[in-house]
Engineer: 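Sharing a structure here in structure tokens format.
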Amino acid sequence: MGRIAFLDANAAVAEAAVIAGCGFYAGYPITPSSEVPETLAKIMPERGVPFIMMEDEIASINACIGASASGVKAMTCTSGPGLSLKQEALGEACIMEIPLVLVDVMRGGPSTGLPTRPSQADIMQARWGTHGDHPIIAISPCNAQEAIFETIRAFNLAEKFRQPVYILTDGLLSHLHAKVYLPDPEEVEIVERAAPTVPPEEYYPFDYNYEIPPLAPWWTKDGKSYRYHMSSLNHDKTGFPTVVPPFIQWQEKRLISKIMNHIDEIEKFEYYKMDDAETCVIAYGSVAEAARVAIDEARKAGIKVGMFRPITIWPFAEKQIRDLREKVKRIIVVEMNLGQYILEVQRAVAEKIPIYGVLQAAGIPIRPIQILEKIKNPEKSVEICMTEEELKKFGGGE
Amino acid sequence: MAKVNYANYLRMEKMPLYWCPGCGDGIVLKAYIEAIDELGWDKNDCVMTSGIGCAARVTGYVDFHTLHTLHGRAIATAVGIKMCHPDKHVFVFGGDGDIAHIGGNHFLHAARRNIDITVVFIDNWNYGMTGGQHSCTTPLGVRESTAPRGSYEPPIDAASAAIGAGATFVARAFAGDELRLKRYIKEGLVHHGFSIIDVLCPCPVNFGRRNKLGDPVKLMNYLKSLCVPKEKAEKMSPEELEGKYVTGILHVDDKKIELTDSYKNLVAKAQASDEYWARYATGRLKEEDKYPITREELKGLYPYDVETPLKKWKKL
Ligand SMILES: Cc1ncc(C[n+]2csc(CCOP(=O)(O)OP(=O)(O)O)c2C)c(N)n1
Ligand code: SF4
Ligand SMILES: [Mg+2]
């Protein structure tokens, strides 16, 4: 029913957002994410919904919070430096429990870092970037097609759990064109925000009777108006600030438990050739595609290796990774950073089996050959894999 | 003049007001409610956002759709709301620190865009809420908790900045002159475009006390002595106007296009095209534009046995 298209993951995320019912976009341009707003600038006016480029990343996410609080599905998109700027408001979305989709096309860093080069160095920023205890959902698709399905899922999770949800892609994935299928909205499961079950006079935005209190749109389709207050300060059920310890503790704990009690609905992962595997590669995002090639090659050489690929990065796939301790003899974590996801793997595995890393933060993709070498020889460290010829093309640098 | 039922617009269960005795914020709130009442606007159509600060506490009291957001970000939040609901009335209340200092960039760009939002800007020359630190509007030499020997930074003139940035309604009022304050707020509310009412307002507790003006009456009289109506100012020399606050409606422009109107024009242009979403949104998408897909085809694109949100995936 939909369309076949040839898109990079940035355009794919943008198209999918509209399919999911995104009714507001605000952003600020940054490489390598700019095709997201560039695509939306074209298609959102066609759909008749607002698109705006704001004065900075802070303004963008705050505008999204306003739009979403009023009842409209909203998305913003950025990369590393912009993500740092968005962190304060991300916390606001967490505490006000405002659905929001935040796309981060990861590039090298810290600071301005490597604008045009891929990385996966925002895994921990996505988890702990904003201050205070808070839950987070982050999704990392591995190709353009999956980016479409996962963007739709991100909107669904955001609306269902009243929660900001990250889509973490990277500079490689976002510029790799692929043939994709774009479904029509009728073909996919689309979650709408739960409607309030009480009339406006009885409504509380943080009603204690719910695990996830419905977030009333300010104006319903049948002409009702829900007038209420929400504060970025810790608040009670009415949305007004409070410092009463039991209320605070209740709120803080519920923010976490509303996610953790539904972990099975949120977690998503793939086991690849894991049935008889003795070595498990853990990789996510575009890197998983390199790992897949390496695993296929290793299998040809008779090595029993497979992959566990978390699609939901946060919350952490605690149970699945703990189970690996009984299933395999060793784990190899492959990521385009100097070791972020691996920290959680080490914690969960608790030294029961050895964990190795292929950790590269050089602004270039990790190649299948590097992963293959590690599979063959886990004790040996893996170096940047490039010929002199290739290196020359980069020019400069002493 | 009909008597205003203030309680109709206030969340009475939140009384008494949080502000210190002698604070000017309550006067501004009163004038604002009177302006809304005179306009006869329905509370259900009114939205107010604020950031953080004493002035920003207003969102807690008015019985509208209200958001008490981050320090400095009320205008950015309001832009998101107004873009989605061009037919609703969207207002921002905030202090000098909130609107002009940390939120200065949003303020300038909302003015430039001429989005139909009304900002009531309460200038009390300091960060009242956090204990009286100097802000971007603190005049040179005035003492604050972070300027015990007097501020050494030249201040900003927020009204001129708004005009320069492209706001289409700019007024300056004084909290001690409630009648005119109300009139300016009312005209700002009616104005179709970005409007700001810059209100010189007393903070006796944090600003006043440090400057031998802790007595609210004394402070009010002092601030009053600085105000010069626009009509009078036109006849004064720059030297005479030094350190004075020119009050009145300083700037009105009815010609510049308002942002949501401009976006409506863009939508009309986009929807006249023959692109997929334009046809979809306007019901022009035909059956032959749709492309049925089989599981086999999808498998080539999505080679892993991972669930998709496609409804038919499991059935295929
Ligand atoms: C990001 C951030 N920085 C600093 C603060 C602390 N803070 C709270 S209110 C405020 C100043 C408020 O001053 P103003 O906007 O002038 O309002 P007033 O209290 O004077 O009415 C500051 C600095 C904060 N809440 N958030
Ligand atoms: S500190 Fe100043 S601005 Fe704040 S409530 Fe008191 S008098 Fe008003
Ligand atoms: Mg102030």
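In the text below, chain A, chain B and the rest are named by the order of the sequence lines, each starting its count at 1. Every value quoted in this text rests on a predicted model; they were computed, and no experiment measured them.
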Engineer: Which heavy atom in A:Ala67 sits nearest to a heavy atom in B:Cys84, and how many Å separate them?
Structural biologist: CB-SG, 3.6 Å

Engineer: With rounding to the nearest 0.5 angstrom, report the CH2 to CG distance, A:Trp218 to B:Asn44.
Structural biologist: 12.5 Å

Engineer: Hey, which of A:Trp219, A:Phe24, A:Tyr226 has the most heavy atom pairs under 4.5 Å with chain B?
Structural biologist: A:Trp219

Engineer: Could you check which of B:Leu266, B:Leu108, B:Asn105 has the highest count of heavy-atom pairs closer than 4.5 Å to chain A?
Structural biologist: B:Asn105

Engineer: Against chain A, label B:Arg113 side chain, backbone, both or neither, depending on which of its atoms sit under 4.5 Å from a heavy atom there.
Structural biologist: side chain

Engineer: Quick one: of A:Pro185, A:Ala144, A:Ala69, A:Ala74, who has the most non-hydrogen atom pairs under 4.5 Å with chain B?
Structural biologist: A:Pro185

Engineer: Please flag which part of B:Ile75 lies under 4.5 Å from any non-hydrogen atom of chain A: side chain, backbone, both or neither.
Structural biologist: neither

Engineer: So, taking the atom named OH in B:Tyr280 and the one named CD1 in A:Ile19, what distance separates them when rounded to the nearest 0.5 Å?
Structural biologist: 9.5 Å

Engineer: Using only atom types and a distance under 3.5 Å, with no angle test, would you say the side chain of A:Arg227 pairs donor to acceptor with the backbone of B:Asp63?
Structural biologist: yes

Engineer: For A:Asp275, does the CG atom have more than 12 heavy-atom neighbours from other residues, nucleotides or ligands under 6.0 Å away?
Structural biologist: no

Engineer: Which one, B:Arg112, B:His109, B:Arg279, leads in non-hydrogen pairs under 4.5 Å with chain A?
Structural biologist: B:His109

Engineer: Can you tell me how far the NE2 atom of B:His65 sits from the OG atom of A:Ser70, to the nearest 0.5 Å?
Structural biologist: 9.5 Å

Engineer: For chain B, which candidate among A:Val188, A:Ile58, A:Val180 shows the most heavy-atom pairs at distances under 4.5 Å?
Structural biologist: A:Val188

Engineer: Using distance only, find each side-chain donor-acceptor pair of residues 41-48 of chain A under 3.5 Å and give its atom names and separation, not counting sequence neighbours.
Structural biologist:
from	atom 1	to	atom 2	distance (Å)
A:Lys42	NZ	A:Glu46	OE2	3.4
A:Arg47	NH1	A:Val18	O	3.2

Engineer: Who among A:Met96, A:Arg153, A:Glu15, A:Glu88 has the most heavy-atom pairs with chain B under 4.5 Å?
Structural biologist: A:Glu88

Engineer: Within a strict 4.5 Å, meaning less than it, do heavy atoms of the B:His106 and A:Asp56 side chains meet?
Structural biologist: yes

Engineer: Pick one of side chain, backbone, both or neither for B:Val62, based on which atoms fall under 4.5 Å of a heavy atom in chain A.
Structural biologist: neither

Engineer: Of the backbone (N, CA, C, O) and the side chain (C-beta and beyond), which part of A:Ala89 lies under 4.5 Å from a heavy atom of chain B, both, or neither?
Structural biologist: both

Engineer: Quick one: what part of B:Leu285 sits under 4.5 Å from any heavy atom of chain A, side chain, backbone, both or neither?
Structural biologist: side chain

Engineer: Name the region of B:Phe64, side chain, backbone, both or neither, that has any atom closer than 4.5 Å to a heavy atom of chain A.
Structural biologist: backbone

Engineer: Assess whether atom OH of A:Tyr28 is packed by more than 12 heavy atoms of other residues, nucleotides or ligands within 6.0 Å.
Structural biologist: no

Engineer: Sub-4.5 Å heavy-atom contacts with chain A: which residues of residues 267-274 of chain B show up?
Structural biologist: B:Val267, B:Ala270, B:Gln271, B:Ser273

Engineer: To the nearest 0.5 Å, tell me how far A:Tyr181 OH sits from B:Leu310 CG.
Structural biologist: 6.5 Å

Engineer: For chain A, which of B:Val47, B:Asp45, B:Thr260, B:Thr49 has the most heavy-atom pairs under 4.5 Å?
Structural biologist: B:Val47

Engineer: So which residue, A:Ala26, A:Gly66, A:Pro50, ends up with the most heavy-atom pairs under 4.5 Å with chain B?
Structural biologist: A:Pro50

Engineer: Quick one: does B:Tyr263's side chain have a donor or acceptor within less than 3.5 Å of a partner on A:Val49's backbone?
Structural biologist: yes

Engineer: Considering only heavy atoms, which portion of A:Val72 lies under 4.5 Å from any heavy atom of chain B: side chain, backbone, both, or neither?
Structural biologist: side chain

Engineer: If contact means a heavy atom pair closer than 4.5 Å, which residues of residues 234-243 of chain A contact chain B?
Structural biologist: A:Thr238, A:Phe240, A:Pro241

Engineer: Need one label for A:Ile311: side chain, backbone, both or neither, based on atoms under 4.5 Å from any heavy atom in chain B.
Structural biologist: side chain

Engineer: Write out all pairs satisfying side chain to side chain donor-acceptor pair (under 3.5 Å) with one or both partners inside residues 57-68 of chain A, taking only residues at least two apart or from two chains.
Structural biologist: A:Ser68-A:Arg193

Engineer: Of the backbone (N, CA, C, O) and the side chain (C-beta and beyond), which part of B:Arg11 lies under 4.5 Å from a heavy atom of chain A, both, or neither?
Structural biologist: side chain

Engineer: What's the spacing between A:Ser225 OG and B:Lys88 NZ if we round to 0.5 Å?
Structural biologist: 7.5 Å

Engineer: In terms of heavy-atom pairs under 4.5 Å, which option from B:Ile52, B:Val79, B:Thr59 contacts chain A the most?
Structural biologist: B:Thr59

Engineer: To the nearest 0.5 Å, what is the distance between CD1 on A:Ile65 and CG on B:Leu70?
Structural biologist: 6.5 Å

Engineer: Less than 4.5 Å to any heavy atom of chain A: does that hold for the side chain of B:Lys43, its backbone, both, or neither?
Structural biologist: both

Engineer: I want to check something: taking the side chain as every heavy atom from C-beta on, are B:His68 and A:His229 in contact at a cut-off of under 4.5 Å?
Structural biologist: yes

